[in-house]
Colleague: 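Let me begin by handing over the structure; questions about it come next.
Small disclaimer: the values here were computed from a predicted structure and weren't measured. One-based numbering along the sequence shown.
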Amino acid sequence: MYDCKICEHRTKSLKGYVIHQQLHRNDHNVKFPCVIGDCSHTFRSYAAFQTHITRHHHDLRAKPSAALVYCQDYREVEQRAERCMLPFCQENLPDFSHLIAHLRTHIMHGYEVACPFEQCDKKYKVISSFSSHLSRVHKRNVPVTANQDETPIDSECELELMESNQLETDEDSDITLAQTGVTGDELLRALALFYLKLQSKYLLPSSTIQMIIDELQNVTLLGQHLMFDKLKQKLKDEKLCHDKINDIITEVSGSDFFEAAHSEGGPLRSDHIRKEFFKKNLKYVSPVAVNLGVDEISGSQRIGYYVPILQTIKTMVNPKILREQSPQCSQDGKIRHFVDGEIYKQNELFKQNPSALQIVLFQDAFEVSNPLGSAKGKHKLLAVYFTLGNLEYHYRSKIDHLQLVFLCKEKDFKSVSHEVLFEQLLQDLQKLETEGLQFDTDKVYGTVASITGDNLGSHCIGGFTENFSTSQYMCRYCLMTRNDQQFQVPYFSGLLRNPENYEEAVTISAHEGEVHNGVKFQSVFNQLKFYHVCSPGLPPCLAHDIFEGVVQYDLALFIKYFVKTKKWFTYEHLNYKVKHFKYVGNDAKSKPAEVYHSGQKLGGNASQNWCLLRLLPFLIGVKIPNYEDPVWQLFLTLKNIVDIVCAPQTSEDQIAVLQDLISEYLEYRVDLFPEVNLRPKHHYLVHYPWLALQFGPLIWMWTLRFESKHSYFKRTLRYSGNFKNVGLTLSEKHQLLQAYITSSNIFSDTVECFNGIQFQEDLYNAQIIDSIKACQPEVPVPCLVSNRAYYKGTEYKKGQYLVVNMLEDVVLGCILLILTTTREMFFVCQNFKAFLDCKLGLYQLSAIPESISCVHVHAIKDYYPLHAYVINGRKYVSFKHAVLD
């Protein structure tokens, strides 16, 4: 029996299993697993899955005849022992055929192999090129045996033979569709998902989809006529009477599934009917129109669209799975998650119910049309999203798990009170706090854990003043005034805000009719029982505060000093290095932008500025003649601050170090550049150590993943071209997309392996094998070996460096092999000692490698893979963030 791991249907034969998998081709995020024996391959496309079955499990199908295998005119080759030419292997193979198969395996692992024939100096790193060379140049010298399990495919003739051979044996040749699980209802669902995928994921207009359906119907009808004509002729040849033939044709034509689905009365016949089918049969949550009053100028009705949050939670949450996914409090004193922060520990709901839902809200305004064109601001929208803090971070970072809560035009948002805008949302949240959400046998409670956003949005939601340029109170965390920041101690922090002094400020502001202590009005979210904006409840965003604030202005100031005051290099030189530097991996995805000659600020976005801060020593390090220069030391201090702030896990000791670094940085920043005033974002930096104790690692609170959700709405409106009712169009499109996503498993596999092959011990030298055998926990057998794999959303590749040890010496391991099973991942690494170069703020790798080791993914000290760059012939690594011992 073959069990489908997607829907748990069982089939008796391999052919039936392969046919059944076609039903899932349009499921969201689907992966096709091989369930034959110990094979653990998984494929993202059905075509790759089918090819794998054909090529690697051909022993379960009808064998090709020996005559066909010997169709090529090969010259006899003496069967002799052959030796692998690679120096680290040099294995003896029984014959030439095994040698070729052995060399192909080395190519799969990323090694370059030479052609095994004498007087041929060709070398290859790509299997297809190697096979093509053997087939074309040495065609008559490659032996072929009838045993396809031992001999590789060495010619185009054999490859075509293998691909054309059907997955059929005598016992499954008469298999029916019903036995494969392919019923009318399943076919209808698969076809509906295909249309929904085109409409919501690929954003095809409804009219285009209908045109495709109409043309497919026409082509199908013409094909049926041709088929029935041949069928009639065949039945006539079998001496059947005319009436009997017509009855057969009528019966067969009446069972056409595609025609029945789209004909009059069919469930998929029109766009409206298809939408009704999606809403009825999938987890569709319909947006609810919210009346925001009448526009005084145009006289038109203001409408916002609210997606009921409780219904959305029901579509995405399974209490059992949620309990398995929820991060647990750390037992070793490290701070890894929100549950390790003081806010979680002091919240009464979470004390009573540790598994309660932690709702993270985000609100932001964005342009959906050209922000520089004539329509600027006309269609600017305000969106509110949410995700669940109970999910692991690699799930929360996926856009699929970011849910829409509210959508309206920004000008309507500014014209209507928050009580009207968020009335239904607050009612649902209060119900979740007091009554809970009932599932089959479980009742789940929850509340808002935090409301994220940029500073402007957070102050707006919290009821604080939104004037950051002139207001005396510009901090939502303390009562420090602007004069305290600029003219007294730069790292001074005022009296912390709390619910008591917030409520007092609200009362005074309402009584006196003016802003008191920077509080304009009472936040509507303070009506919740277990949440308050000054608990604190409005976390900072690293992207806006640091990378588009402190780093953006201060790093430009430092570079200006190096160029114009010290004249160590020029802007032209720096920009040339920025443009032509050989970035690797994730650094290549965030290449820094050109540095402006004005020196006022950097021109890149948050990711680009972060990349420039990390890699600046590689770009201009050799141009710095005096590493003791106070501004260069100030730059290194800023780099250290960013490393600690961005760390995915921290400790109280590290937070204490961070506090000292921030105080030192701000003090020297004022001393070295007294003519350049500090900005409010410099002051926010003062609160980061305290905020890290409250919220946990602040890197998990930044808003860039939420902001990436905006791109879906921008693309949707651009492709649809429908600006008549933007809110309705976008909210419905988005909910159709979420219905498609939740139609299958929304939690992707922890481990994903690409182009993996079964691990074979005899392909590797003794040092690698010994390291694998010594690994704890032991590497399961069988397993796959590959050069590229994903673990919890992070991509790992051969040649990357991992932090293997941080106790006595810093040890970085260069990945040689990646071993994977369905749930586990191991790295075979060549280890190097790394020494901190205090002059550059980089880790220098030792020239001579240490031993080879095999480590489990959980045993590495940091999840993030690093890349080495060369300075003056030496390899250096710039850490992405600070790493705990």
Colleague: Rounded to the nearest 0.5 Å, what's the gap from SG on C814 to NE2 on H867? Could you check?
Modeller: 11.0 Å
Colleague: Are the side chains of E850 and V811 in contact, using a 4.5 Å heavy-atom criterion?
Modeller: no
Colleague: More than 12 heavy atoms of other residues, nucleotides or ligands under 6.0 Å from NZ of K31: is that the case?
Modeller: yes
Colleague: Inspect the surroundings of CG in N755 and state if more than 12 heavy atoms from other residues, nucleotides or ligands are less than 6.0 Å away.
Modeller: no
Colleague: With a cut-off of 6.0 Å (strictly less than), are more than 12 heavy atoms of other residues, nucleotides or ligands near NZ of K797?
Modeller: no
Colleague: Is the count of non-hydrogen atoms from other residues, nucleotides or ligands lying under 6.0 Å from F835 atom CZ greater than 12?
Modeller: yes
Colleague: Would you say R705's side chain and S397's backbone share a donor-acceptor pair under 3.5 angstrom?
Modeller: yes
Colleague: For the residue pair K591 and C611, establish whether any side-chain heavy-atom pair is separated by less than 4.5 Å.
Modeller: no
Colleague: Does either side chain, that of H102 or that of D762, offer a donor lying less than 3.5 Å from an acceptor on the other one?
Modeller: no
Colleague: Below 4.5 Å, heavy atoms only, C-beta onward: do L574 and L616 meet side chain to side chain?
Modeller: yes
Colleague: Main chain of L866, side chain of K880: is a donor-acceptor contact present, judged purely on distance under 3.5 Å?
Modeller: no
Colleague: Take I818 and F827, measure what side-chain contact (heavy atoms from CB on, under 4.5 Å) needs, and give me the verdict at the end.
Modeller: CA-CA 5 Å; I818 302 175; F827 303 101; 4.1 Å; yes
Colleague: Heavy atoms, side chains only, cut-off 4.5 Å: are I53 and I36 in contact?
Modeller: yes
Colleague: May I ask you to check whether Y46 and F32 place their ring centres under 6.0 Å from each other?
Modeller: yes
Colleague: So which heavy atom on P33 is nearest to which on Q21, and how close?
Modeller: CD-OE1, 4.4 Å
Colleague: Assess whether atom NZ of K875 is packed by more than 12 heavy atoms of other residues, nucleotides or ligands within 6.0 Å.
Modeller: no
Colleague: Ignoring hydrogens and angles, tell me if any N or O in the side chain of D587 forms a donor-acceptor pair with the backbone of Y583 under 3.5 Å.
Modeller: no
Colleague: With a 4.5 Å heavy-atom cut-off, do H41 and L784 have their side chains touching?
Modeller: yes
Colleague: So among E752, H394, E392, which one has a side-chain hydrogen bond (donor to acceptor under 3.5 Å, both in side chains) with K792?
Modeller: E392
Colleague: Do you know which two heavy atoms are closest between L619 and H573, and how far apart they sit?
Modeller: O-NE2, 4.5 Å
Colleague: Which heavy-atom pair separates Y124 from S129 by the least distance, and what is that distance?
Modeller: CD2-CB, 3.7 Å
Colleague: What's the separation between atom NE2 in H28 and atom CD1 in I741, rounded to the nearest 0.5 Å?
Modeller: 4.5 Å
Colleague: Report yes if some heavy atom in the side chain of F618 is under 4.5 Å from a heavy atom in the side chain of I871; otherwise report no.
Modeller: yes
Colleague: Walk me through whether K15 and I19 qualify under side-chain contact (heavy atoms from CB on, under 4.5 Å).
Modeller: CA-CA 6 Å; K15 178 183 177 182; I19 293 174; 3.9 Å; yes
Colleague: Donor-acceptor pair, Y712 side chain versus K201 backbone, under 3.5 Å?
Modeller: no
Colleague: Could you give me the CA-CA distance, side-chain angles and deciding distance for K579 and E594, then say whether salt bridge (charged side-chain N to carboxylate O under 4.0 Å, His left out) is met?
Modeller: CA-CA 8 Å; K579 183 177 180 180; E594 180 180 351; over 6 Å; no
Colleague: Check for a donor-acceptor pair, side chain of K639 on one end and backbone N or O of G841 on the other, with a separation under 3.5 Å.
Modeller: yes
Colleague: Going from CD1 on I768 to SG on C829, what distance comes out if it is rounded to the nearest 0.5 angstrom?
Modeller: 11.0 Å
Colleague: On the 0 to 90° scale, with breaks at 30° and 60°, tag the H858-Y791 ring pair as parallel, tilted or perpendicular.
Modeller: perpendicular
Colleague: Could you tell me which non-hydrogen atom of I852 sits nearest to which non-hydrogen atom of Q830, and how far apart they are?
Modeller: CG1-OE1, 3.5 Å
Colleague: Heavy-atom count around K839 NZ within 6.0 Å, excluding the residue itself: above 12?
Modeller: no
Colleague: Please determine whether side-chain contact (heavy atoms from CB on, under 4.5 Å) holds for the pair V779 and C854, giving the CA-CA distance in whole Å, both sets of side-chain angles, and the decisive distance to 0.1 Å.
Modeller: CA-CA 9 Å; V779 179; C854 181; 4.0 Å; yes
Colleague: Counting N and O atoms only, with roles assigned by atom type, does the side chain of S607 sit under 3.5 Å from a partner on the main chain of S590, one being a donor and the other an acceptor?
Modeller: no
Colleague: For the atom pair CZ (R614) and CG (L842), what is the distance rounded to the nearest 0.5 Å?
Modeller: 9.5 Å
Colleague: Begin from the C-alpha positions of L812 and L845 and carry the test side-chain contact (heavy atoms from CB on, under 4.5 Å) through to its verdict.
Modeller: CA-CA 8 Å; L812 301 182; L845 299 176; 3.4 Å; yes
Colleague: Is the shortest side-chain heavy-atom distance between L555 and L613 below 4.5 Å?
Modeller: yes
Colleague: Determine whether Y764 and F759 satisfy the following criterion, ring pair (Phe, Tyr, Trp, His ring centres under 6.0 Å), listing intermediate values before the conclusion.
Modeller: CA-CA 10 Å; Y764 306 97; F759 175 75; 5.4 Å; yes
Colleague: Rounded at 0.5 Å granularity, tell me how far CD in E824 sits from CD in E778.
Modeller: 12.5 Å
Colleague: Applying the side-chain contact (heavy atoms from CB on, under 4.5 Å) test to I860, which of V803, V883, L802 qualifies?
Modeller: L802
Colleague: Looking at L807, I'd like to know if its CG atom is crowded, meaning that more than 12 non-hydrogen atoms belonging to other residues, nucleotides or ligands lie closer than 6.0 Å.
Modeller: yes
Colleague: Heavy atoms only: give me the nearest F826-P780 pair and the separation to one decimal.
Modeller: CE1-CD, 3.5 Å
Colleague: Indicate the atoms forming the closest heavy-atom contact of Q800 with P865, along with that distance.
Modeller: OE1-CB, 3.2 Å
Colleague: Is any side-chain heavy atom of R104 less than 4.5 Å from a side-chain heavy atom of S131?
Modeller: yes
Colleague: Measuring centre to centre across the rings, with the benzene-like ring taken for any Trp, is F747 within less than 6.0 Å of H401?
Modeller: yes
Colleague: Measuring from E707:CD to W702:CH2, what's the distance to the nearest 0.5 Å?
Modeller: 10.0 Å
Colleague: Where do Y864 and F879 land on the ring pair (Phe, Tyr, Trp, His ring centres under 6.0 Å) test, with the steps shown first?
Modeller: CA-CA 9 Å; Y864 195 86; F879 278 24; over 10 Å; no
Colleague: Using atom types as modelled and distance alone, determine if a side-chain donor or acceptor of T51 lies under 3.5 Å from a backbone N or O of A47.
Modeller: yes
Colleague: Please name the residue in the list Y796, Y790, F43 that meets the ring-ring contact (aromatic ring centres under 6.0 Å, His included) test with F754.
Modeller: Y790
Colleague: Flag yes if more than 12 heavy atoms outside E808 fall under 6.0 Å of its CD atom; otherwise flag no.
Modeller: no
Colleague: Please verify the inter-ring angle class for F581 with Y869; under 30° counts as parallel, over 60° as perpendicular, anything in between as tilted.
Modeller: tilted
